[in-house]
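All ligand and atom numbering here is 1-based and tracks the order in the structure.
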Amino acid sequence: MAIGLFLGLALALMRLSGMWPLSATSWFYIWFMRGTPQLLQLVFIFDALPLIGLRFDTFTTAVIGFALNEAAFSGEIIRGGIISVDRNQSIAAKSLGMGPTLTLRRIIMPQALRPILPAMTNDTISMLKLTSIASVIFVNELTFRAQQIVGQNFKFFTVFAAAAVIYLVMTSVISIVQAILERRFSLEKQPLPGSATAMGRFFGFRGIEKPVAAPASYIPASPPPPDPDAVPERVADTSDWIELLAEQQRETREHKDEPFVVCTDVHKSYGPNHVLRGIDMTVKRGEVVTIMGPSGSGKSTLLRMVNHLEAIDDGEITVDGKYVGYEVVKGKLKPSRDLSRARAEARIGMVFQHFNLFHHFSALENVVEAPIRVYGVSKQQAHEAARRLLIGVGLGGHLDHLPHRLSGGQQQRVAISRALAISPKLMLFDEPTSALDPELVSEVLSVIRRLAEAGMTLIVVTHEVRFAKEVADRVIFMDEGRIVEEGPPAQVLGNPKEARTRRFLQLVEREEGTF
Ligand SMILES: Nc1ncnc2c1ncn2[C@@H]1O[C@H](COP(=O)(O)OP(=O)(O)OP(=O)(O)O)[C@@H](O)[C@H]1O
């Protein structure tokens, strides 16, 4: 079973890899093993392989046969689990500089295990019962042995009932392991009332579900335990936090107004769709730039290319004088071999429209993950900094809450804290408020406003005209993959030169009222 699972994981990863020889080999193996009777496979290993000098005893034959067969089925179950995890989870991990193995181990597999476990348990139980067919190669397994005993004493009912009880015990053990693992990887880490008994878990019923109150243990004991009542829901007084950020931005202040993000003639296509058509953009150190434009104009694509979440087709982008994820080889730009490391070194924080928090981690765990795993910060230091950041954005009472127990505005504030925890030199915001209810928008915007006050370099894709007027140093308006107009907010938003900008602003004004 264990061998089958291990091989199954390898087959699933091979099928999902972008390399077609691996993917095709895995596909062929799965197709063949699932398409041929297991009985034939056992007979083949036992009778045909000796012809080429591979001779195994009956027990080893059974182990190999079942493991190879199990690998094909578990491979597909594991692949199904992996692809069921939202793609945005790995995009968020990438943006934090996490490499493929770390992302698979820490982010994807713990979430994939939830759908994998029930299917895998079914499969294991089926396999266990199927072991009876090993008797054809004279493996002395349970059913075969029962038949032999019945042949001697003719007590059909007693002997077969005993065999059934032994099977039931074995399959029950597997079901209990499943229940324990499901609980371990459940998003409901806190015990659910009505489902806390082992019997309840075993049989899969939950009793009467009641709303779960946050247990007292939500508030960590040290350092300073924040009182949930004392931390208001609005963004807390963050002088301490702002000081920390302002301290981090010292270099920014010393070199203020130097070019920091430089995009030169950047092009990007998705198939025939030419999304970016020659973008030239410079963002200075400490500058706050908002990018606006109609849907599909390429704003998010441009943002994702700054930290190399998307590759550039033509042109170049530098951040702090360096290419992110490219190296110059013989005068030409080549993708870096270690892209995750390049992203991590660039220290670019990114906040997404749909937050992309890691669903299986609490708010605090979301924030400490990259500092500990990617940047090697000690656990204690990372936890202290994360608490400080989360308290700073008014979430001191929610440190141990999983994302689905937080409102959209709270989730976005965790996402901002997570990006800030890597001490970014640049923050990218991709429509950070467009998935939020109107009353939650201001709590997120006020955090971004504070980052601007701390002197951080920010590029914010947003349609919040009032926010852009108040906070941005410059507004860039994009349409059809080009920059149509850029300048100070008062000019671009108050008195746009281009008819296209005017039309867009009129539409936004109509939707959101006067700004
Ligand atoms: N991964 C992708 N594969 C294929 N096409 C894509 C991909 N990402 C974006 N596009 C396409 O590129 C174009 C620009 O998308 P992008 O998300 O950058 O626009 P946007 O201006 O940010 O729009 P919105 O405000 O709606 O998010 C769209 O036509 C979109 O369908």
Q: Would you check if Val414 and Phe355 make a side-chain contact, meaning some heavy-atom pair closer than 4.5 Å?
A: no
Q. Hey, which of Leu7, Asp123, Ile3 is the one that makes side-chain contact (heavy atoms from CB on, under 4.5 Å) with Glu70?
A. Asp123
Q: If the plane angle is over 60° it's perpendicular, under 30° parallel, otherwise tilted; pick one for His401 and His398.
A: perpendicular
Q: Validate the cation-pi geometry between Arg106 and Phe358: distance from NZ or CZ to the six-membered ring centre under 6.0 Å, angle to the ring axis within 45°.
A: no
Q.
Less than 4.5 Å apart, side chain to side chain, heavy atoms only: is that true for Tyr29 and Met14?
A. no
Q: Inspect the surroundings of CD in Glu480 and state if more than 12 heavy atoms from other residues, nucleotides or ligands are less than 6.0 Å away.
A: no
What does the contact table look like for ligand 1 (nitrogen or oxygen on each side, cut-off under 3.5 Å)?
{"residue": "ligand 1", "atom": "8 (N)", "partner": "Arg304", "partner atom": "NH2", "Å": "3.4"}
{"residue": "ligand 1", "atom": "18 (O)", "partner": "Thr301", "partner atom": "N", "Å": "2.9"}
{"residue": "ligand 1", "atom": "18 (O)", "partner": "Thr301", "partner atom": "OG1", "Å": "2.5"}
{"residue": "ligand 1", "atom": "19 (O)", "partner": "Gly298", "partner atom": "N", "Å": "3.4"}
{"residue": "ligand 1", "atom": "21 (O)", "partner": "Gly296", "partner atom": "N", "Å": "3.4"}
{"residue": "ligand 1", "atom": "21 (O)", "partner": "Ser297", "partner atom": "N", "Å": "3.0"}
{"residue": "ligand 1", "atom": "21 (O)", "partner": "Ser297", "partner atom": "OG", "Å": "3.3"}
{"residue": "ligand 1", "atom": "21 (O)", "partner": "Gly298", "partner atom": "N", "Å": "3.0"}
{"residue": "ligand 1", "atom": "21 (O)", "partner": "Lys299", "partner atom": "N", "Å": "3.1"}
{"residue": "ligand 1", "atom": "21 (O)", "partner": "Lys299", "partner atom": "NZ", "Å": "2.8"}
{"residue": "ligand 1", "atom": "22 (O)", "partner": "Ser300", "partner atom": "N", "Å": "2.9"}
{"residue": "ligand 1", "atom": "22 (O)", "partner": "Ser300", "partner atom": "OG", "Å": "2.7"}
{"residue": "ligand 1", "atom": "23 (O)", "partner": "Gly296", "partner atom": "N", "Å": "2.9"}
{"residue": "ligand 1", "atom": "25 (O)", "partner": "Lys299", "partner atom": "NZ", "Å": "2.9"}
{"residue": "ligand 1", "atom": "25 (O)", "partner": "Glu431", "partner atom": "OE2", "Å": "2.8"}
{"residue": "ligand 1", "atom": "26 (O)", "partner": "Ser295", "partner atom": "OG", "Å": "2.6"}
{"residue": "ligand 1", "atom": "27 (O)", "partner": "Glu431", "partner atom": "OE2", "Å": "3.4"}
{"residue": "ligand 1", "atom": "29 (O)", "partner": "Asn273", "partner atom": "ND2", "Å": "3.2"}

